[in-house]
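Notes for the one structure printed next.
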Amino acid sequence: MVDIRILTIFPGIFDSFLSFGNPARAIKAGLLSVQTVDLRDFTDDRHRSTDDYPFGGGTGMIMTPGPVVRGIRYLKAVMGSPAVILMTPHGRLFNQNLAEELARKDGIAFVCGRYEGFDERIRAFVDDEISVGDYVLSGGETAAMVVIDAVVRLIPGVLGADSHERGESFYNGLLEYPQYTRPRSFEGMEVPAVLLEGHHEKIRIWRKKQALARTLERRPDLLRDRVLDREEQKLLDEIRQEMTNGE
Ligand code: SAM
């Protein structure tokens, strides 16, 4: 059972996300527990404020350290030793490897920011900082949902087959091969013949070659970091040869 708790000023944002698809199924199957924790419960003033003006001036408000740090201490007390993760555009860029790293944890506490971000001193109380991409969101809640969704898919038992069997993008360091379903012919576009012949080995090699070709075309950076086995190297050589021949 993976125990996830989310410290946020907007707990209600997660209701719908947790009610559908894989997160809902994982919770129902007892493989996952997700609880939101209202950051305002850790405030100590009449207005339950979580933000204040930035020292030195500037636009926007900053999340004050008191409520966030009290919230983190509470989560550590009730969860044991969770990985405490600050959602921030300054964090490690989220990817499939990081999702796999998190899926191995028993407990994860996400800290979601709002306003113009966190007082810098809050960083001293977290284990990691994650960014979901080089853009700025209005709050850490949608970023935490992205991370939770990717992690849930990796919890054993949530999906029918594991992502390795599914040939899913990034599992193998490659983009997934093209997929087709019925009808065989759609507006003049045909399903590749190899997929209709039932020859499993030919289909496996076709898919591997397509995955390599798609990755080479769209995400060559992924191939630079990946050690190819002999079959993959041979297929990649073929792809490059075909590109040179203009096929
Ligand atoms: N002023 C901050 C900056 O320039 O870095 C951005 C603050 S943003 C409006 C408010 C909150 O949204 C952040 O504290 C963080 O929790 C969350 N957030 C925004 N973009 C994010 C991203 N790319 N990844 C993870 N969290 C993000």
Side-chain angles (χ1 to χ4, degrees), residues 2-18 22-23 32 34-45 47-76 79 82-105 107-154 169-170 219 221-222:
V2 180
D3 180 8
I4 292 179
R5 317 242 181 154
I6 307 151
L7 192 60
T8 166
I9 59 166
F10 294 131
I13 288 187
F14 291 88
D15 293 349
S16 145
F17 167 65
L18 296 172
N22 288 326
L32 172 73
V34 183
Q35 289 177 43
T36 50
V37 176
D38 191 341
L39 182 65
R40 294 198 194 279
D41 290 347
F42 302 94
T43 54
D44 55 7
D45 67 321
H47 303 289
R48 306 184 84 208
S49 25
T50 54
D51 60 323
D52 211 333
Y53 294 97
F55 278 123
T59 52
M61 303 295 275
I62 306 299
M63 301 199 74
T64 54
V68 176
V69 171
R70 282 192 289 277
I72 291 172
R73 289 202 171 113
Y74 163 79
L75 288 172
K76 283 184 176 169
M79 295 176 77
V84 179
I85 294 173
L86 198 69
M87 301 313 298
T88 163
H90 309 195
R92 280 206 280 166
L93 211 50
F94 188 61
N95 62 18
Q96 193 68 17
N97 287 343
L98 196 37
E100 282 166 22
E101 200 182 297
L102 293 178
R104 288 192 287 272
K105 308 261 183 221
I108 311 170
F110 291 100
V111 183
C112 302
R114 280 273 153 179
Y115 320 112
E116 281 315 309
F118 300 99
D119 181 293
E120 184 67 12
R121 293 162 292 184
I122 290 170
R123 297 182 56 211
F125 297 86
V126 305
D127 301 307
D128 208 345
E129 301 179 29
I130 291 182
S131 164
V132 290
D134 293 339
Y135 42 80
V136 178
L137 299 166
S138 305
E141 291 79 8
T142 42
M145 285 184 218
V146 167
V147 174
I148 293 167
D149 194 8
V151 168
V152 165
R153 298 175 61 79
L154 298 172
S169 291
F170 306 112
R219 293 292 305 277
D221 56 305
L222 294 176

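Just so you know, ligand 1 is whichever comes first in the structure, and atom 1 is the first atom listed for that ligand. What you are looking at is a predicted structure, and each value in this text was computed from that prediction instead of being measured. Atom set for the values below is all heavy atoms of this structure, side chains included, hydrogens, waters and symmetry mates excluded.
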May I ask you to identify the nearest protein heavy atom to atom 3 (C) of ligand 1, giving residue, atom name and distance to one decimal place in Å?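 Going atom by atom, the protein heavy atom closest to atom 3 (C) of ligand 1 ends up being His90 NE2, 3.9 Å.
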Does any part of the side chain of Ile122, heavy atoms only, come nearer than 4.5 Å to the side chain of Leu86, both counted from C-beta?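 Leu86 reaches Ile122 side chain to side chain.
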Just by distance, with hydrogens left out, do Glu129 and Thr88 show a side-chain donor and acceptor under 3.5 Å apart?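 No - no donor-acceptor pair under 3.5 Å links their side chains.
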From atom 9 (C) of ligand 1, work out which of Thr142, Asp134, Leu137, Leu86 has a heavy atom at the shortest distance. Leu137
Just go through Phe110, Phe118, Tyr115 and tell me whose heavy atom is the nearest to atom 10 (C) of ligand 1.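 When every heavy atom of Phe110, Phe118, Tyr115 is considered, Tyr115 comes closest to atom 10 (C) of ligand 1.
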Side chain or backbone, does Arg114 bring an N or O within less than 3.5 Å of an N or O on ligand 1? no
Any N/O pair Val111/ligand 1 closer than 3.5 Å: no
May I ask you to decide whether [X] forms a salt bridge with [Y], counting only side-chain N to carboxylate O separations under 4.0 Å?
X      : Y      : answer
Asp44  : Arg70  : yes
Arg123 : Glu120 : yes
Asp51  : Arg114 : no

Numbering as shown, the atoms of ligand 1 that approach Ser138 to under 4.0 Å (heavy-atom distance): 10 (C), 12 (O)
A student checking ligand 1 against Gly113 at a 4.0 Å heavy-atom cut-off should list atoms 11 (C), 12 (O), 14 (O), 16 (O)
Contact region, Ser131 to ligand 1, non-hydrogen atoms below 4.0 Å, reads both
Taking atom CG of Asp52 and atom CG of Asp119, what is their separation to the nearest 0.5 Å? 10.0 Å
